[in-house]
Amino acid sequence: MLPMEENKKSKTSLRAKADKIKEFRCKNLIAVIEYPTDLRNIGTIIRNVNALGVEKAYVVTDQQFVPDDWQEMRGRRALNAISASAIKWSFVRKFHDTESCLGHLERNGFVSVVTSPHTKGRKNVILHEAEYTKYKKLAVWFGNEGIGISRLALERSELCVNIPMFGIIESLNLGTSSGIVLYEITRQRREFQDKLKAKIAAKKSAKRSASPVA
C-alpha cells in the first residue's frame with residue numbers, strides 16, 4: 001500500500017472512531033481554563049477534555065501563545081504534541097478576559113462551578129459529594145497555576161469544588177486536578193445520560209407495543 005493510501009486509510013479510521021464515540025460525549029459540559037501561564041497545562045487539560053468526553057474547552061487568556069482561531073490552534077505543533085493530538089479532535093475557543101467568557105456562558109444558559117483547594121466561595125463542596133447532573137448546562141473552571149481562580153469567576157459561580165487532600169502537600173498540578181475533577185463530573189453526567197436514553201427507549205417501546213395492529 002502506498003504511503004498516501006495508508007495516510008488516507010488512517011484518517012478514515014480515526015474519523016469513524018470519532019463518530020462512534022460521539023454518543024458518549026457529555027453534552028453541554030465545558031471546561032474553562034482561566035489565565036493559564038504554562039502551555040503544557042493547556043495541552044494536558046485539552047487532552048483530558050477529549051479523553052473524558054467533555055464537549056468543549058474554553059481558554060481565557062490575553063497571551064498570544066494560544067491563537068484566537070481554532071483552526072490555527074490545531075496547526076500549532078506544540079499544542080498538538082502536548083495534547084497528544086487531542087486539539088485536532090476537540091472544540092477549543094479562546095476568550096481574552098474572564099468577563100467576556102462569563103457573559104457568553106450566562107447568555108447561553110450555562111451555570112459555572114469553580115475549582116479551588118482553599119478559596120471559600122458561596123458554597124464549598126467536596127468533589128464526590130456534589131451532584132453535577134442537576135445543571136443542564138455546566139461550565140467547570142480551573143484557575144491560574146499560581147493565584148488560582150479569579151474573584152470575578154468565584155462570585156458568579158454556583159459552587160466552589162475542592163478535591164479532598166490527606167497529605168502535607170495540599171494542592172495538585174493543574175493538569176492532574178483537572179483530570180480528577182472532570183472524571184467525576186463526566187462519570188455522573190454520562191450515567192445520567194445513559195439512564196435518560198434507556199428511559200426514552202423504554203417509553204417508545206411501550207408505545208409501539210400498545211399501538212393497535214392494523
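Just so it is clear, the structure is predicted and the values come from calculations on it, not from any experiment.
For the atom pair Glu158 CD and Phe110 CZ, the distance stands at 15.0 Å (nearest 0.5 Å). In this structure, CD1 on Ile33 lies 8.5 Å from CG on Asn41, to the nearest 0.5 angstrom. Summarising the geometry, atom CG belonging to Leu127 is positioned 8.0 Å from atom CD1 belonging to Ile180; distances are rounded to the nearest 0.5 Å. Rounding to the nearest 0.5 angstrom, the gap separating the OG atom in Ser112 from the CG atom in Leu159 is 10.5 Å.
Checked against Ile42 for a side-chain contact (heavy atoms from CB on, under 4.5 Å), the options Ile45, Ile46, Asp38 give a single hit: Ile46.
For Arg47, the CZ atom is loosely surrounded, since the number of other residues' heavy atoms within 6.0 Å does not exceed 12. By the neighbour-count criterion of 12 heavy atoms within 6.0 Å, atom OH of Tyr183 is sparsely surrounded, having that number or fewer from other residues, nucleotides or ligands.
Checking side-chain atoms of Asn173 against main-chain N and O of Gly175 turns up a donor-acceptor pair under 3.5 Å. Of the possible donor and acceptor atoms, none in the side chain of Arg189 sits under 3.5 Å from a partner among the backbone N and O of Arg25. The main-chain N or O of Asn124 is never found under 3.5 Å from a side-chain atom of Asn162 such that the two would form a donor-acceptor pair. No side-chain donor-acceptor contact under 3.5 Å links Ser90 to the backbone of Val92. Using modelled atom types, no side-chain atom of Ser83 and backbone atom of Thr44 make a donor-acceptor pair closer than 3.5 Å.
Scanning for ring-ring contact (aromatic ring centres under 6.0 Å, His included) contacts around Phe95 gives Tyr58, His104, with sequence neighbours left out. Listed by chain and residue number, nothing satisfies the ring-ring contact (aromatic ring centres under 6.0 Å, His included) test with Tyr135 (two or more places apart in sequence, or in another chain).
Looking at Thr37 and Glu145, their side chains do bring a donor and an acceptor atom within 3.5 Å of each other.
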